[in-house]
Amino acid sequence: MEQQRQQGAAARRMATLASHLRPQRASSHPQMEEGPLLMGSNCRAKGAAPGFKVAILGAAGGIGQPLALLMKMNPLVSVLHLYDVVNTPGVTADISHMDTGAVVRGFLGQPQLENALTGMDLVIIPAGVPRKPGMTRDDLFNINAGIARTLCEGIAKCCPKAIVNVISNPVNSTVPIAAEVFKKAGTYDPKRLLGVTTLDVVRANTFVGEVLGLDPREVNVPVIGGHAGVTILPLLSQVNPACSFTSEEVNHLTSRIQNGGTEVVEAKAGAGSATLSMAYAAAKFADACLRGLRGDAGIVECSYVASQVTDLPFFASKVRLGRSGVEEILPLGPLNEFERAGLEKAKKELAQSIQKGVSFINK
Ligand SMILES: NC(=O)c1ccc[n+]([C@@H]2O[C@H](COP(=O)([O-])OP(=O)(O)OC[C@H]3O[C@@H](n4cnc5c(N)ncnc54)[C@H](O)[C@@H]3O)[C@@H](O)[C@H]2O)c1
Ligand SMILES: O=C(O)C[C@H](O)C(=O)O
């Protein structure tokens, strides 16, 4: 009798688990309906490892695909949702065969956005069009602002407590757009909204490492301001390990770091902008956010966030990440004359980009 009762309970637990783990069906797409993600009758239910639930919006794109691969490899991720308006069935099937812990589910098109977002701890947004040679990041505003708004409306509705990492350009405006959407929805928590500027730091570490003859993994360059042209301000006076540069080196490094994105756009000659180094940078930043959520101490990254470190409402600087997202915005530290002049230029452009984003939502 007791044995029968226990068997019944075990069967019920198994059925509940299987129904939780069953991937979302995309009724409009046969590959998603019948594809390899559905557990067949000859599959035992697989338990998701303990960890965080992460969604990538724009997962089938140039950044989205390698980022999905890297997040599938992250042991802190138990569930990975891949959302895009095209091609998620193929990307999801492909990534899902990796023998790592995260359970992968694909979501295709606007009708599936809410399912993609429900229950997520971290949402990463690389959705949107990239630059072609001759364009500025601001030239992407007209298309990407609307995409950012739609996706953030979904986040406000389905996972208002999630940490949000915004990659879509122009970041200097898309982050203020996201903030305004969340304010309108009554869900805004400035600690949970972070613009991803890690690629600027990754580039700065690499280029400084080249000049100093150091392994870039041993170099840490704070990059403040924003993520476009002169708003990208590397603090070469605060490089770790401590070092000094000639003024020629400072000019060369500052210019190369500020124009790193354009260097890639021109080399790709119309085929897009940085995708692989960006996926690496986004995965690094997402991992830092997840370690913060887990409660690890001393996690400091540069990010473009709501800030009082200057008189602008948003600014990129070193922030300490924790269980609730941005737990502390660190002071800029002492700037030299060159950096102070750069800061003034950066602030002028940033103020306009921020206002443009705010007005887009409140027009
Ligand atoms: N923050 C940074 O440092 C940084 C670095 C590189 C690129 N970017 C930006 O990231 C964005 C994406 O770049 P990419 O090279 O991956 O472009 P991409 O065109 O290769 O991919 C973008 C993806 O977004 C998808 N998409 C478009 N509209 C969508 C919507 N409404 N919902 C969901 N998905 C949607 C597209 O279908 C596509 O798969 C661009 O805006 C680019 O400028 C930012
Ligand atoms: O330069 C771009 O348009 C993409 C991105 O912002 C980058 O810095 O590589």
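Position 1 is the first residue of the sequence; numbering continues from there. Given the structure is predicted, the values throughout are model-derived calculations rather than measurements.
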Leu321 and Glu327, any side-chain heavy atoms less than 4.5 Å apart = no
Does Glu210 pair with Arg256 as a salt bridge, N-O distance under 4.0 Å?
-> yes
Please find out if less than 6.0 Å separates the ring center of Phe107 from that of His81.
-> yes
Please list, chain by chain and in numerical order, all residues satisfying side-chain hydrogen bond (donor to acceptor under 3.5 Å, both in side chains) with Thr275, sequence neighbours excluded.
-> Lys268
Using a 4.5 Å cut-off on heavy atoms from C-beta on, say whether the side chain of Leu113 contacts that of Asn115.
-> no
Which ring-ring contact (aromatic ring centres under 6.0 Å, His included) pairs, counting each pair once, include a residue from residues 340-363, with sequence neighbours left out?
-> Phe141-Phe360
Under 3.5 Å, which donor-acceptor pairs link side chains of residues 340-347 to any protein atom two or more places apart or in another chain?
residue: Arg340; atom: NH1; partner: Leu335; partner atom: O; Å: 2.8
residue: Lys347; atom: NZ; partner: Asp311; partner atom: OD1; Å: 3.0

Applying side-chain hydrogen bond (donor to acceptor under 3.5 Å, both in side chains), name anything that partners Gln352, two or more places apart in sequence or on another chain.
-> none
Residues 141-155 vs side chain to side chain donor-acceptor pair (under 3.5 Å), sequence neighbours excluded, gives none
Is a side-chain N or O of Glu339 found less than 3.5 angstrom from the main chain of Leu236, in a donor-acceptor match?
-> yes
Polar side chain donor-acceptor pair, Gln355 to Ser359, under 3.5 angstrom = yes
Would you check if the side chain of Ser303 reaches a backbone N or O of Gly195 as a donor-acceptor pair within less than 3.5 Å?
-> yes
Any ion pair linking Arg217 and Asp215 (charged N to carboxylate O, less than 4.0 Å)?
-> yes
Side chain to side chain contact (heavy atoms under 4.5 Å, CB included) partner of Ile125, chosen from Ile147, Ile167, Ile155, Val196 = Ile155
Compute whether any side-chain donor of one residue and acceptor of the other, for Ser353 and Arg137, lie under 3.5 angstrom apart.
-> no
Would you call Lys356 and Asp138 a salt bridge, using N to O less than 4.0 angstrom?
-> yes
Return yes if a side-chain donor-acceptor contact under 3.5 Å exists between His227 and Asn172, otherwise no.
-> no
Can you sort out the partners of Lys318 under side-chain hydrogen bond (donor to acceptor under 3.5 Å, both in side chains), two or more places apart, ordered by chain and number?
-> none
